[in-house]
Number of protein chains: 4
Amino acid sequence: MNQPVEARGNSRQKIVDTALKLFSQQGFEKTSVREITKAAGISLGLMYNYFDSKEALLKAIFQESIQNIQDSFAIEPNDTGRLALLLRRYFDAIEKRQDHWRLLHGIRMQQHLSQLLAQETETLSNYIIGELSLILKNLRYERPLHEAVLLFATIDGITNHYLTNSRYPLDKITHLLISKYI
Amino acid sequence: MNQPVEARGNSRQKIVDTALKLFSQQGFEKTSVREITKAAGISLGLMYNYFDSKEALLKAIFQESIQNIQDSFAIEPNDTGRLALLLRRYFDAIEKRQDHWRLLHGIRMQQHLSQLLAQETETLSNYIIGELSLILKNLRYERPLHEAVLLFATIDGITNHYLTNSRYPLDKITHLLISKYI
Amino acid sequence: MNQPVEARGNSRQKIVDTALKLFSQQGFEKTSVREITKAAGISLGLMYNYFDSKEALLKAIFQESIQNIQDSFAIEPNDTGRLALLLRRYFDAIEKRQDHWRLLHGIRMQQHLSQLLAQETETLSNYIIGELSLILKNLRYERPLHEAVLLFATIDGITNHYLTNSRYPLDKITHLLISKYI
Amino acid sequence: MNQPVEARGNSRQKIVDTALKLFSQQGFEKTSVREITKAAGISLGLMYNYFDSKEALLKAIFQESIQNIQDSFAIEPNDTGRLALLLRRYFDAIEKRQDHWRLLHGIRMQQHLSQLLAQETETLSNYIIGELSLILKNLRYERPLHEAVLLFATIDGITNHYLTNSRYPLDKITHLLISKYI
DNA sequence: AATGAATGAGACTTCATTCAT
DNA sequence: TATGAATGAAGTCTCATTCAT
């Protein structure tokens, strides 16, 4: 009657994966818990064995997303060309895991959700701005912090437009952006 | 049982105003029709005399917002310094009518809503990119269209961060951005 | 500011006509008062100047219908062939004023409505059965009353099937029925 | 907060039974979903676990009714006296399960409902006419199909009048009808 | 670890009716 | 005679969550 060992814990991951997909596609509000469990092929009750609430599930998923996004910023601190590399990896990561970014951006403008995840979001922003600031300082920019804030806005805006517009010329714009910081 | 005489006929505008405020503060989904009508001081049914549905109300409000945003871009086509003026007016408008921008940005990442307003949004984007492109061409940029797309991403990203972060140094960042486009 | 004389009372008739059409097409419940007044080209309030309620309107219309149906039974009491004539006129009337019959049959099975119009309906039934009974008596049927009740069921059933089925062979069935009562 | 154990699993049937009773008594439109669930002793939401909509519930009930009505026509195809037997069983079934017939007749004249159930209704009509036609052919009637259509109208008319009039002399009329087809 | 029947608050929407003008 | 803005009860349906098994 027990699940085979290798199946243990699969349900939890299936829930998380399915929910990430659905949340990013349809939005948090428009995705019902029942829909998630059906798509994940598990029962409604089981979901509540793993997560206290729909919001708790969102939080758990969000952690993963944050991690994934943060990873795309993890660059060995070599010297020149580091910004170019970072930006390329960043926009590369967006293309490959659109779901994570879609979730993040979808949540950000919804007050009640962003409050729920305020800390994680803030940490991420600070980390990104910090990293950028460091690089820009090495590149001898005068006000590296402000420059980082501005650059962050730019790459975030690009991300948003890319996620919103299926015909967005991401490559060309990435290239153009990089060219401005050599 | 009816409204006092002096209130007659203002109801439609009261609904629109109230709904814009609530939608931008709490989001479309989290704002119930009952809440709107209560805040507007009218009955529930009256809203449906003016608008066919909650979505129709959103659409009506959205038109106004689009118009407002577009107005902040209307600059007489003089020569130099036009971009600086435009950016200043743009970010000025954001500060003054945060509600319109909040509504726009809050809707953008929610597929079912952005689809509903797809045409208006696209028209606005094209208009903005077109205007920017024109100015950048006058400024002798090589690929004015790409430059415009990039600049639009930047100002949109700044807007988003400003709306999300109450301590955002909008003035400084605006200044820095402008300095890059002398 | 007064209506021209010939226009007086037109509104009332327009309401009745429009309501009959809509009630018979869509049913009483599925037709809203607003819909009626819009289709009739008058204001909502005016309808309530003429009729106390939606049900009162139905009642007024129903009188007309009953009258119309009754008229199709008014035959000068000549001798033989009277039944054939009556049936032909009856089914002829159905074809020409389907709306009246549709209203009657649509209401009959809805308890709360048929109660409202119980008296009129009963009077009509009795009248029809009475007339039929008389004719059948002249035709030397043994139990003219029962025969009338049965014949009424038959013509009512035919009517119902005809109103329900656009391909109903009304002529052929009428002919067959008449042939049974030569 | 949940139903007592012994009640579990009966809910679906309880809903169907209660709804059939209420629909046939009060009509589909005049019966609210809340009323059904209250009378069935279950919660409002549970109904929507079993049926997608009020109309879907009607459809499910209708299937049962159709079956019941059809069963009253299932006669072993012996020879003479078959029609008499069939008619007696038919009118017998009506007396015993008035609810099913009331539902059928109540729906028939309401366009939007009869459309919903068009296929089932048509199938039933064709079946009845087919059976009658067969019997009448054996009885050497000249145009068995037309005769069947006419007879169907008659028994349907009787049914309708019986359902509408609590003092209807069903037995006598049945007897008279049968006497015409020996 | 897993199920899914059951709950009930609350969402959007419709509609007959009233009344000041 | 005529208007239509305004009302609010009532309708259908959704959904996160609980709990006995």
Side-chain angles (χ1 to χ4, degrees), chain A residues 1-3 7-12 29-38 42-57, chain B residues 1-5 7-12 29-37 42-55 57, chain C residues 1-3 7-12 29-38 42-55 57, chain D residues 1-5 7-12 29-37 42-57:
Chain A
M1 268 299 144
N2 276 343
Q3 290 277 332
R8 289 267 180 90
N10 271 7
S11 294
R12 192 185 191 283
E29 315 283 358
K30 281 285 179 192
T31 304
S32 73
V33 175
R34 178 163 267 130
E35 195 181 359
I36 296 170
T37 57
K38 263 190 187 155
I42 58 143
S43 75
L44 196 47
L46 188 54
M47 194 251 142
Y48 283 92
N49 272 9
Y50 288 115
F51 304 97
D52 284 345
S53 67
K54 193 186 173 188
E55 290 195 343
L57 172 59
Chain B
M1 240 164 261
N2 283 346
Q3 284 289 105
V5 178
R8 287 265 175 118
N10 301 118
S11 297
R12 201 198 129 97
E29 316 282 359
K30 281 287 179 191
T31 304
S32 74
V33 174
R34 171 159 275 121
E35 196 180 359
I36 295 170
T37 56
I42 58 152
S43 74
L44 186 53
L46 188 54
M47 194 248 136
Y48 287 92
N49 272 13
Y50 291 112
F51 303 96
D52 284 342
S53 65
K54 194 186 173 188
E55 288 195 347
L57 171 60
Chain C
M1 267 297 148
N2 277 342
Q3 291 278 330
R8 288 271 178 90
N10 272 8
S11 295
R12 192 184 192 279
E29 315 283 358
K30 283 284 179 190
T31 304
S32 73
V33 174
R34 178 163 266 130
E35 194 180 0
I36 296 169
T37 57
K38 263 189 186 155
I42 58 145
S43 74
L44 196 47
L46 188 53
M47 194 251 142
Y48 284 90
N49 273 9
Y50 289 114
F51 303 97
D52 285 344
S53 66
K54 193 187 174 189
E55 290 195 344
L57 171 59
Chain D
M1 241 166 261
N2 283 346
Q3 284 290 105
V5 178
R8 286 267 175 118
N10 301 118
S11 298
R12 201 197 130 98
E29 316 282 359
K30 279 289 178 188
T31 304
S32 75
V33 174
R34 172 159 276 122
E35 196 180 359
I36 296 170
T37 57
I42 57 151
S43 73
L44 184 56
L46 187 55
M47 193 250 138
Y48 286 93
N49 271 13
Y50 290 113
F51 303 96
D52 284 343
S53 66
K54 193 187 173 189
E55 288 195 347
L57 171 60

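Given the structure is predicted, the values throughout are model-derived calculations rather than measurements. The chains referred to below are lettered A, B, ... by the order of the sequence lines, with proteins before strands, and numbering in each begins at 1.
Across all strands shown, C:Thr37 has no heavy atoms under 4.0 Å from either base or sugar-phosphate atoms.
Residues D:Glu29 and D:Lys54 approach most closely at O-NZ, 3.9 Å, considering heavy atoms.
Shown here, E:dA1 forms no base pair; nothing in the strands shown gives a Watson-Crick or G-U wobble contact with both key distances under 3.5 Å. Across all strands shown, the partner of E:dT21 is F:dA2, judged by Watson-Crick or G-U wobble contacts whose two distances both fall under 3.5 Å.
Nearest-nucleotide positions on DNA chain F for B:Gly45 and D:Ser53 put B:Gly45 closer to the 5' end. Comparing C:Ser32 and A:Ser43 by the nucleotide of DNA chain E whose heavy atom lies nearest to each, the residue mapping closer to the 5' end is A:Ser43. Positionally, the nearest nucleotide of DNA chain F for B:Met47 lies more toward the 5' end than for the other of D:Val33 and B:Met47. Residue order along DNA chain E, read from the 5' end via each residue's closest nucleotide, puts D:Arg34 first among C:Thr31 and D:Arg34.
Dashed line: the shortest gap from a side-chain N or O of C:Tyr50 to OP1 or OP2 of F:dA2 is under 4.0 Å. Applying the 4.0 Å criterion to OP1 and OP2 of F:dA2, one finds that C:Ser11 has a side-chain N or O inside that range. For the pair B:Tyr48 and E:dT14, the criterion of a side-chain N or O lying under 4.0 Å from OP1 or OP2 is not met.
Residues B:Val33 and B:Met47 meet the side-chain proximity criterion, which asks for heavy atoms closer than 4.5 Å.
Separating the CG atom of A:Leu57 from the P atom of F:dA16 is a distance of 11 Å, rounded to the nearest angstrom. Atom-to-atom, CZ of A:Phe51 to P of E:dA1 comes out at 13 Å; the value is rounded to the nearest Å. To the nearest angstrom, P of E:dC15 lies 12 Å from NZ of D:Lys30. Here E:dT3 presents its P atom at 10 Å from CG of A:Asn49, a figure rounded to the nearest Å. When rounded to the nearest whole Å, the span between CD1 of C:Ile42 and P of F:dG4 equals 11 Å. B:Asn10 has its CG atom 12 Å from the C1' atom of F:dA5, to the nearest Å.
Other residues, nucleotides and ligands contribute at most 12 non-hydrogen atoms within 6.0 Å of the CG atom of C:Asp52.
Between atom CG of residue B:Leu46 and atom OG1 of residue B:Thr37 there is a gap of 9.0 Å, rounded to the nearest 0.5 Å.
Nearest nucleotide to the side chain of B:Lys54, out of F:dT12, F:dA2, E:dT13: E:dT13. Proximity note for C:Leu46 (side chain, C-beta onward) versus E:dT14, F:dG4, F:dT1: the nearest is F:dT1.
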